[in-house]
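Data block below; observations after.
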There are 4 protein chains.
Amino acid sequence: MNVNIDLSELELPDKEKKILEAAILISNEKGFSSTTTSEIAKRAGVAEGTIFRYFKTKKDILHGIMLQAIRIAADKILLNSLYDIFKSREQKELRVILKEILLDRLELVQRFFPMFRVLISEALFHQDIREVICSNLINRLDKEIREFYSNLAARGQIRTDVDPMLVMRNIIGNFLAFIGQKMLFTDNFSLSESTGEIDAMITLILDGISPAKQTKGGD
Amino acid sequence: MNVNIDLSELELPDKEKKILEAAILISNEKGFSSTTTSEIAKRAGVAEGTIFRYFKTKKDILHGIMLQAIRIAADKILLNSLYDIFKSREQKELRVILKEILLDRLELVQRFFPMFRVLISEALFHQDIREVICSNLINRLDKEIREFYSNLAARGQIRTDVDPMLVMRNIIGNFLAFIGQKMLFTDNFSLSESTGEIDAMITLILDGISPAKQTKGGD
Amino acid sequence: MNVNIDLSELELPDKEKKILEAAILISNEKGFSSTTTSEIAKRAGVAEGTIFRYFKTKKDILHGIMLQAIRIAADKILLNSLYDIFKSREQKELRVILKEILLDRLELVQRFFPMFRVLISEALFHQDIREVICSNLINRLDKEIREFYSNLAARGQIRTDVDPMLVMRNIIGNFLAFIGQKMLFTDNFSLSESTGEIDAMITLILDGISPAKQTKGGD
Amino acid sequence: MNVNIDLSELELPDKEKKILEAAILISNEKGFSSTTTSEIAKRAGVAEGTIFRYFKTKKDILHGIMLQAIRIAADKILLNSLYDIFKSREQKELRVILKEILLDRLELVQRFFPMFRVLISEALFHQDIREVICSNLINRLDKEIREFYSNLAARGQIRTDVDPMLVMRNIIGNFLAFIGQKMLFTDNFSLSESTGEIDAMITLILDGISPAKQTKGGD
DNA sequence: CATGAATGAGGGTTCATTCAT
DNA sequence: CATGAATGAACCCTCATTCAT
């Protein structure tokens with residue numbers, strides 16, 4: 001399981017970054033509320049008091065984590081690469097695009113799994129965190145997705161008789177179920193060994209679970 | 001958001017049930033590790049010491065919750081109704097069966113959401129809890145699903161060119177994404193208003209997101 | 001180490017005796033204040049509530065122990081046998097009498113060691129307990145000892161140029177140092193293997209640690 | 001009863017010393033296991049949490065007490081002065097040496113009685129503590145005593161027909177009986193008023209309780 | 001009289017937070 | 001700014017004691 005965190009590209013004081021990293025790493029093992037400030041300080045290599053120069057309270061560290069997670073998610077995961085894929089490959093077949101997106105996302109999720117795990121566990125219980133996620137991620141995705149979707153629709157690559165958001169949820173649901181199963185219930189999951197599974201997953205996403213009466217959308 | 005818990009059908013000492021219920025309700029709000037035994041006691045209407053007559057440690061309360069969740073999940077969710085649906089409706093079309101199952105499951109998940117939320121949040125961090133879930137739920141499901149699957153396959157209702165477990169994951173992923181979105185990001189979600197959405201979801205599960213080249217699997 | 005307690009000859013309700021016995025046995029292992037009433041109840045084979053029918057508070061159990069210890073010590077240890085030895089053997093040599101007394105006492109102390117250990121540990125801290133010991137044991141001994149002493153003195157068996165009480169303390173000190181060393185710092189001490197040591201001890205008591213310039217008092 | 005504790009010469013953080021002193025003083029009144037950390041904190045003038053910066057657990061406070069007791073006992077009681085007395089006075093008569101030693105020891109025991117009382121009461125029940133006492137005190141004494149003894153023996157000042165350890169036990173037993181009686185059963189004991197008693201005690205140690213047939217060892 | 005479930009004050013211990021250095 | 005000793009509220013848990021059965 002990947003537990004490396006890379007906040008180096010963020011513009012933060014060095015110590016603040018170290019504290020956040022430490023907080024994420026330890027929270028990733030035990031959950032945020034079971035993580036103590038003294039552990040964080042030790043792992044970050046600072047004095048316990050120093051933490052409280054950068055974060056008023058322990059809860060604020062969580063908010064710091066959230067902020068970073070969302071910044072990364074928003075800027076790197078969603079926009080950069082997703083946007084690129086959407087735009088640069090718009091003449092490609094949906095199957096190919098989907099696979100590129102999934103692999104790209106998988107790699108990112110894997111890299112930032114510690115951060116996301118903490119985020120998810122807190123989002124389960126805190127409305128305010130969910131709201132930040134909503135307004136920063138989901139809502140920003142919305143526009144991109146609709147554009148991407150209409151592009152696909154125009155090219156006849158995607159069905160147009162259902163709400164685009166349901167289509168997306170289908171994809172995301174499959175994706176999350178895959179991630180969840182691999183991350184939580186499998187030891188030493190490696191992406192490279194899963195390409196066959198990913199292909200099959202995409203086939204199901206594209207063509208559904210009904211028996212294929214005739215070749216659709218595929219090679 | 002549904003926060004009613006009903007453990008009344010369980011054969012437990014009255015006080016133990018009350019303690020469990022209180023633990024679930026509060027954990028549902030703040031997470032288990034942020035829930036204190038004194039809060040539990042207060043909400044359960046017992047003295048704090050009484051808790052420790054029924055549960056040796058606080059962690060044992062969590063195990064108690066797990067036990068109940070699994071008992072309910074295993075007996076009610078998985079076996080009773082799922083089994084019934086599988087067996088009694090085996091001549092029906094997959095679309096119909098799927099809808100029955102999803103509605104049935106949705107109703108149950110909704111009812112026991114607090115319990116499951118606590119469970120999920122703990123499973124995120126504790127391998128031992130994941131293992132109990134695995135061995136009690138997932139593994140037990142495995143056999144049922146394979147039987148159900150081969151029944152469907154024999155009747156030509158489901159595609160046979162992919163691993164049955166991937167097919168299931170497709171369904172479960174859609175289901176969980178639906179649940180997650182509704183439970184976490186929607187206020188006052190009501191099942192009855194969502195039947196259209198569920199139908200669309202099932203269509204996507206069955207036929208995929210590719211444009212329908214020709215009618216598949218019905219109506 | 002002997003941990004059998006025999007309160008059978010005491011005139012007490014059966015349950016009260018069992019509770020006392022249990023309290024002594026467990027206190028002997030951990031000290032009285034680390035012994036819980038529930039442990040006592042379990043070992044005594046009664047319900048926890050029953051204890052409080054016989055003893056108003058836990059402290060009263062200690063008083064019960066004390067009472068029994070002193071009763072036994074006073075009646076059995078001091079009076080019965082000591083008196084007998086004093087009287088019946090008054091024509092014997094001091095060395096012989098001493099040995100009989102020491103062996104007799106050793107045997108008794110060994111038998112009731114658990115009780116005495118608890119007593120000693122409590123007496124270390126509680127003036128009231130020390131007072132009871134004083135008035136019941138030491139003061140009662142006083143008269144016996146003086147009589148015994150003057151009998152010996154009359155027969156020229158004991159030196160008369162020091163306070164009789166100091167003479168007694170010499171004997172008791174030796175005795176307690178012996179007991180203490182054996183009970184606390186020796187595993188599996190057996191009286192029968194210590195007769196040589198006891199003889200040497202008596203020689204030292206009788207003749208002192210100075211080099212013997214000439215045979216005194218015996219063989 | 002003497003309840004002054006003086007740890008000032010120890011090289012310990014100020015707070016740690018205060019906590020130890022408080023623990024000793026209160027344990028001296030009620031025994032260690034009846035002493036609460038909150039009492040210790042209050043008496044030491046620190047917050048309860050502070051205790052646990054210096055001692056990981058309450059039991060470690062006891063170990064701290066033991067450590068100090070043994071350090072004091074080993075360095076001051078046994079080595080410094082005892083060694084001095086042994087060496088520097090080796091031409092003196094045994095009676096004189098004994099008296100010096102006893103007075104010296106008495107003064108120390110009196111000064112550190114609270115500490116020793118706690119130690120004794122715990123040693124009664126805890127094998128591990130007895131072992132530390134054994135290996136740190138008794139075993140270290142052993143060599144010194146044997147040397148001292150052979151020196152005396154060479155000069156014909158002590159009897160050589162009994163095990164040196166029994167000789168020592170005779171002395172120690174007398175000493176402890178004296179201490180015990182004075183400390184526990186006498187109010188306001190003062191050393192200076194007891195010199196006559198000590199002389200008599202030494203006479204008994206040296207010459208035994210048999211009537212002096214002929215002058216031995218002096219005056 | 002005996003029981004043991006229930007109690008709640010108080011036990012040892014942790015930990016986020018403060019502040020003098 | 002950084003530190004880490006000090007804090008004390010709050011944590012989980014124990015246990016002597018009560019009382020309805």
Side-chain angles (χ1 to χ4, degrees), chain A residues 13-16 19 32-42 44-62, chain B residues 13-16 18-19 33-42 44-61, chain C residues 13-16 18-19 32-42 44-62, chain D residues 13-16 18-19 33-42 44-62:
Chain A
D14 188 51
K15 295 223 164 141
E16 183 167 348
I19 292 167
F32 182 74
S33 69
S34 303
T35 298
T36 69
T37 49
S38 95
E39 283 173 304
I40 295 172
K42 207 169 292 163
V46 302
E48 204 170 350
T50 306
I51 290 180
F52 292 90
R53 301 215 147 270
Y54 293 94
F55 302 93
K56 236 175 84 61
T57 69
K58 189 192 167 194
K59 206 171 187 317
D60 288 330
I61 302 177
L62 185 60
Chain B
D14 188 50
K15 293 246 158 100
E16 182 168 350
K18 273 189 185 149
I19 292 167
S33 68
S34 303
T35 299
T36 70
T37 49
S38 92
E39 282 173 304
I40 296 173
K42 210 167 290 165
V46 301
E48 198 168 353
T50 305
I51 289 179
F52 295 93
R53 292 189 63 76
Y54 292 94
F55 303 93
K56 247 175 81 57
T57 68
K58 188 194 166 194
K59 205 175 191 315
D60 285 335
I61 302 178
Chain C
D14 188 49
K15 295 226 163 139
E16 183 168 347
K18 273 190 183 147
I19 292 167
F32 182 73
S33 68
S34 302
T35 299
T36 68
T37 50
S38 95
E39 283 172 304
I40 295 173
K42 208 169 291 163
V46 303
E48 204 169 349
T50 306
I51 289 179
F52 293 90
R53 302 216 146 269
Y54 293 95
F55 303 92
K56 235 174 86 58
T57 70
K58 189 192 166 193
K59 206 173 188 318
D60 288 330
I61 301 177
L62 185 60
Chain D
D14 188 50
K15 292 247 159 97
E16 182 167 349
K18 273 189 185 149
I19 292 167
S33 69
S34 303
T35 299
T36 71
T37 50
S38 92
E39 282 173 305
I40 295 173
K42 210 167 291 165
V46 301
E48 199 168 354
T50 304
I51 290 179
F52 293 93
R53 292 190 63 76
Y54 293 95
F55 303 94
K56 250 175 78 60
T57 68
K58 188 192 167 195
K59 203 173 192 314
D60 286 334
I61 302 177
L62 185 59

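Just so we're on the same page: letters track the sequence lines, and every chain starts at 1.
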For dC1(F) and Y54(A) - does any side-chain N or O of the residue sit under 4.0 Å from the phosphate oxygens OP1/OP2?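 No, because none of the side-chain N or O atoms of Y54(A) sits under 4.0 Å from OP1 or OP2 of dC1(F).
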
Checking [X] now: which residues fulfil side-chain contact (heavy atoms from CB on, under 4.5 Å) with it, not counting sequence neighbours?
| X | value |
| --- | --- |
| K59(A) | T57(A), H63(A), D128(A) |
| K56(B) | D60(B) |
| K15(A) | V46(A), T50(A), Y54(A) |

Roughly, in whole Å, what's the span from CD1 in I51(A) to P in dC1(F)?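 My rounded result for the distance is 17 Å.
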
Between dA2(E) (P) and K18(C) (NZ): distance, integer Å: 12 Å

Does the Lys NZ or Arg CZ of K58(D) fall within the cation-pi geometry relative to F52(D) - under 6.0 Å from the ring centre and within 45° of the axis?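 The answer is no; the distance or angle limit is not met.
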
Got a sec, which residues hit side-chain hydrogen bond (donor to acceptor under 3.5 Å, both in side chains) with T37(B), two or more places apart in sequence or on another chain?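 E48(B).
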
Could you tell me which non-hydrogen atom of I19(C) sits nearest to which non-hydrogen atom of I40(C), and how far apart they are?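 Looking at all heavy atoms of both residues, the closest pair is O-CG2, 3.7 Å.
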
Using a 4.0 Å heavy-atom cut-off, write out nucleotides 13-21 of chain F from 5' to 3' as B (base contacted by protein), S (sugar-phosphate only) or - (no contact). BBSBBB---

Report the secondary structure of DNA chain E in dot-bracket form, marking unpaired bases with a dot and bases paired to a different strand with |, and treating Watson-Crick or G-U pairs with both distances under 3.5 Å as paired. .||||||||||||||||||||

On DNA chain F, compare the nucleotides closest to E39(B) and G45(A); which residue's is nearer the 5' end?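 By nearest-heavy-atom nucleotide position, the 5'-most residue is G45(A).
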
